[in-house]
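Below: one structure, written as structure tokens.
What's counted below: heavy atoms across the whole structure, side chains too, no hydrogens, waters or symmetry copies. Since we're looking at a predicted model, the values are computed, not measured. Sequential numbering from 1 along the given sequence is applied to the chain's residues.
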Amino acid sequence: GPGGGAALENANPLIYRRSGERPVTAREEDDELPDSIDDREIFDILPGREGRAGPGRGRAGRGRWGGGAKQGRAVQLRSAFLNPAHLIRSINDPEHPLTLEELNVVEQVRVKVNDAESTVAVEFTPTIPHCSMATLIGLSIKVKLIRSLPERFKLDVHITPGTHASEHAVNKQLADKERVAAALENSHLLEVVNQCLSARS
């Protein structure tokens, strides 16, 4: 891991039970009704079944993913949401063999989405107030959203107020587009972020 065998900062974290997979509503299955992006979809998107079920069946053939005039947006959103790797709940913690959801670092109630205004805000809660991994965790969440969402979305990833000793400094780093871009040009840092975003076997 990134610590190179060093002692863990939080060697015995609390582990939380994962929430169940989100159910698909009748409204989401109806091709005729608009289906906007919401907090549930940022936190936990139903994995796509396109490969197994074929086109027109499973989630990919329904609602916003349908054909016709929506085809361009459907293709964009299909790549964003139907890949099970594109869920913030499943991002790996950089120190522990656990997901951010299992450590209660991310929760659906701390995800705010306004599809009409193209904004997504995610609050995350480090496991301890002096967690040195806070910036890396925030960067991993931000990169996941950048890679997953259409470019129209403005992203705000920040620490839950009052939960980290350096929250202002970390939030400032995460809000600075140039610093985020520069961080992702660092091959070692990018490798660590990609490990956090990779699916565990």
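- Side-chain atoms of Phe153 and Ile146, non-hydrogen and from C-beta on, never get closer than 4.5 Å to each other.
- In this structure, His164 contributes its side chain and Ile159 its backbone to no donor-acceptor pair below 3.5 Å.
- Each of Leu149, Leu145, Val143 was compared with Arg147 under the side-chain contact (heavy atoms from CB on, under 4.5 Å) criterion, and only Val143 meets it.
- Here the CG atom belonging to Leu139 is positioned 9.0 Å from the SG atom belonging to Cys196, to the nearest 0.5 angstrom.
- Taking Asp156 as the reference, His158 meet the side chain to side chain donor-acceptor pair (under 3.5 Å) condition, with sequence neighbours excluded.
- Partners of Arg110 according to the salt bridge (charged side-chain N to carboxylate O under 4.0 Å, His left out) rule, which considers only residues two or more places apart in sequence or in another chain, are Glu107, Glu123.
- Once rounded to the nearest 0.5 Å, the distance linking OG1 of Thr127 with CD of Glu95 reads 7.0 Å.
- Residues that satisfy the side chain to side chain donor-acceptor pair (under 3.5 Å) test with Thr125, not counting sequence neighbours, are Thr160.
- Legend: residues meeting side chain to side chain donor-acceptor pair (under 3.5 Å) with Ser118, ordered by chain and number and at least two apart, are Arg152.
- By the side chain to side chain donor-acceptor pair (under 3.5 Å) test, Asn92 pairs with Arg200, sequence neighbours left out.
- Remark: Leu190 CG to Leu184 CG distance equals 6.0 Å, nearest 0.5 Å.
- The side-chain heavy atoms of Pro129 and Thr163, taken from C-beta on, include no pair separated by under 4.5 Å.
- Inter-residue side-chain proximity for Val122 and Ile88 is flagged as met; some heavy-atom pair is nearer than 4.5 Å.
- For the pair Phe124/Ile141, a side-chain contact is recorded, criterion being any heavy-atom separation below 4.5 Å from C-beta on.
- Ile137 contributes atom CD1, which lies 4.5 Å from atom SG of Cys131 (distance to the nearest 0.5 angstrom).
- Side-chain atoms of Gln195 and Ser198 form no donor-acceptor pair, as typed in the model, at a separation below 3.5 Å.
- Rounding to the nearest 0.5 Å places OG of Ser140 at 9.0 Å from CG of Asn194.
- A 4.5 Å side-chain heavy-atom check between Val113 and Val111 finds at least one atom pair inside the cut-off.
- In this structure, Thr99 and Asp93 have side chains that are not in contact, with every pair of non-hydrogen atoms separated by 4.5 Å or more.
- Contact annotation: the side chain of Ile91 approaches that of Lys144 to within less than 4.5 Å [non-hydrogen atoms, C-beta and beyond].
- A heavy-atom distance below 4.5 Å is found between the side chains of Leu189 and Leu136.
- Scanning both residues, Val109 and Lys112, for their nearest heavy atoms gives O-NZ, 2.8 Å.
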Acceptor/donor pairs from residues 173-183 side chains to any protein atom, 3.5 angstrom cut, sequence neighbours excluded:
{"from": "Gln173", "atom 1": "OE1", "to": "Thr135", "atom 2": "OG1", "distance (Å)": "3.3"}
{"from": "Asp176", "atom 1": "OD1", "to": "Glu178", "atom 2": "N", "distance (Å)": "3.0"}
{"from": "Asp176", "atom 1": "OD1", "to": "Arg179", "atom 2": "N", "distance (Å)": "3.2"}

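- At distances below 3.5 Å, not a single donor-acceptor pair connects side-chain atoms of Ser166 with backbone N or O atoms of Ala169.
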